[in-house]
Amino acid sequence: MAKIDFGGIIEEVVTRQEFTLDKAREVLKDEVIAVIGYGVQGPAQALNLRDNGFKVIIGQRDGGKSWDKAIADGFVPGETLFPIAEAAAKGTMIKYLLSDAAQMMLWPVIKENLNEGDCLYFSHGFSIVYKEQTKIVPPENVDVILVAPKGSGTNVRRNFLDGSGINSSFAVFQDATGRAMDRCMAMGIAIGSGYLFPTTFQNEVYSDLTGERGVLMGCLAGVMEAQYNLLRKNGHSPSEAFNETVEELTQSLIRLVAENGMDWMFGNCSTTAQRGALDWAPRFRDAVVPVFDQLYESVTSGEETRISLESNSQPDYAEKLQVELDAIKNSEMWRAGAAVRSLRPENQGK
Ligand SMILES: NC(=O)C1=CN([C@@H]2O[C@H](COP(=O)(O)OP(=O)(O)OC[C@H]3O[C@@H](n4cnc5c(N)ncnc54)[C@H](O)[C@@H]3O)[C@@H](O)[C@H]2O)C=CC1
Ligand SMILES: CC(=O)[C@](C)(O)C(=O)O
Ligand SMILES: [Mg+2]
Ligand SMILES: [Mg+2]
């Protein structure tokens, strides 16, 4: 593994140069890879694996949108697309990519179709770490591994196709065969990860549940809404409020952060902006520290898991989530956003 200095701390990571795709193909050459679940991560990982020459079958409850999506992507019922139990029985590497709530609900089906020496694969530490709630305790005769892409499945696929890839964390929870780590690193490269950084199931799920409720999704949406509402309350137009809150960030400034860090983005803004941002950043940081402390406690205590399992186990969970997403979409802020996006030169005339 490559030793990398991350801000003064040396960590070991796996790169494509040292764990090549050919090495991954050698490690996985006798595996039948069964992707269970064809929602967001399932398609991305399955298509990337297939494009990389691996034998992939899909397990999905038949008749729904995801089943049809798998057929549209070229998986053939009875040949490479099966009901969940059949795919799990055929597979030697079972990629458990149902929703986290569904993993809990379908675990008896998966467990009864695991064979000695199989490998049970997760892309989130959720099911294993919160076993008191999920009741997911794998048999001792199988490997249990994690490869968690740090990005949406949509970008796992898009970035694979453009050659960039998404970084993934990886971990081994149980090594029954003595080959779990090799299987884990090989699968991480095989699904198209940019590079792999080591973690544990617990650290992955604690950080991931925090990140998606925090800066990556929940906190981001909340601070954007707060600033938009402030500007509108003080007489700024919807277009001015949205451009100053979202469009300039996504089309300019966050891209500079991605390119070369926060100081680079600051340094490419006015000195007026730099002074102000440097003065206010600590105030915003200190204001949210108590909220982040509450969030992390709610994650580690299992309360976030309880809330998620309770809501996402309901038969109508998808419809209820869609109602809340539609409320965002239909808000003035995001209707203004749709208009702003439509005015982008690349969207003119569409
Ligand atoms: N969405 C993402 O981009 C990421 C997801 N992950 C992890 O990957 C795994 C899969 O996540 P997603 O693809 O987002 O899952 P998802 O929420 O899209 O669901 C995947 C599949 O589960 C099926 N499903 C849902 N409820 C079911 C039920 N009661 N019975 C049978 N099938 C059911 C859905 O039809 C869907 O095809 C999870 O562990 C998640 O935490 C990790 C990183 C990013
Ligand atoms: C895309 C991702 O990494 C998330 C936000 O953790 C998720 O979808 O669970
Ligand atoms: Mg994540
Ligand atoms: Mg997540």
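Each ligand, and each atom within it, is numbered from 1 in the order the structure gives. Model, not experiment: these values are computed from the prediction. For the numbers below, each heavy atom of this structure counts, side chains included, while hydrogens, waters and symmetry mates do not.
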**Closest E212 atom to the Mg ion (ligand 4) [N, O or S only]** = OE1
**Message:** I want to check something: taking the side chain as every heavy atom from C-beta on, are W67 and R61 in contact at a cut-off of under 4.5 Å?
**Reply:** no
**Asked** What's the spacing between D100 CG and T134 OG1 if we round to 0.5 Å?
**Response** 9.5 Å
**Request:** Answer yes or no: is there a side-chain heavy-atom contact under 4.5 Å between M262 and M265?
**Result:** yes
**Contact atoms of ligand 2, heavy-atom distance to G151 under 4.0 Å** = 1 (C), 3 (O)
**Request:** Could you check whether the rings of Y96 and W107 sit parallel, tilted or perpendicular, using 30° and 60° as the cut-offs?
**Result:** tilted
**Asked** Closest non-hydrogen protein atom to atom 9 (O) of ligand 2, residue and atom name please, with distance?
**Response** E212 OE1, 3.0 Å
**Message:** Checking contacts here: is it the side chain or the backbone of M217 that comes within 4.0 Å of ligand 2, counting heavy atoms only? Could be both or neither.
**Reply:** side chain
**Request:** Might you check, step by step, whether the distance between atom 6 (O) of ligand 2 and some protein heavy atom is under 4.0 Å?
**Result:** yes
**Asked** Looking only at heavy atoms of L216, does any of them come nearer than 4.0 Å to an atom of ligand 2?
**Response** no
**Fill in**
ligand 2 to S152, heavy atom cutoff 4.0 Å, flagged ligand atoms 1 (C)
**Prompt:** Does an N or O from K150, backbone or side chain, lie closer than 3.5 Å to an N or O of ligand 2?
**Reply:** no
**Item:** D143 CG to F173 CZ distance, which is reported to the nearest 0.5 Å
**Value:** 12.5 Å
**Request:** Just do the ring pair (Phe, Tyr, Trp, His ring centres under 6.0 Å) check on Y130 and F126 with the steps written out, would you?
**Result:** CA-CA 6 Å; Y130 297 107; F126 188 96; 5.8 Å; yes
**Prompt:** Counting backbone and side chain alike, does D208 bring an N/O/S atom below 2.8 Å of the Mg ion (ligand 3)?
**Reply:** yes
**Request:** Among R183, R25, K90, find the one that has a salt bridge (Lys or Arg N to Asp or Glu O under 4.0 Å) with E31.
**Result:** R183
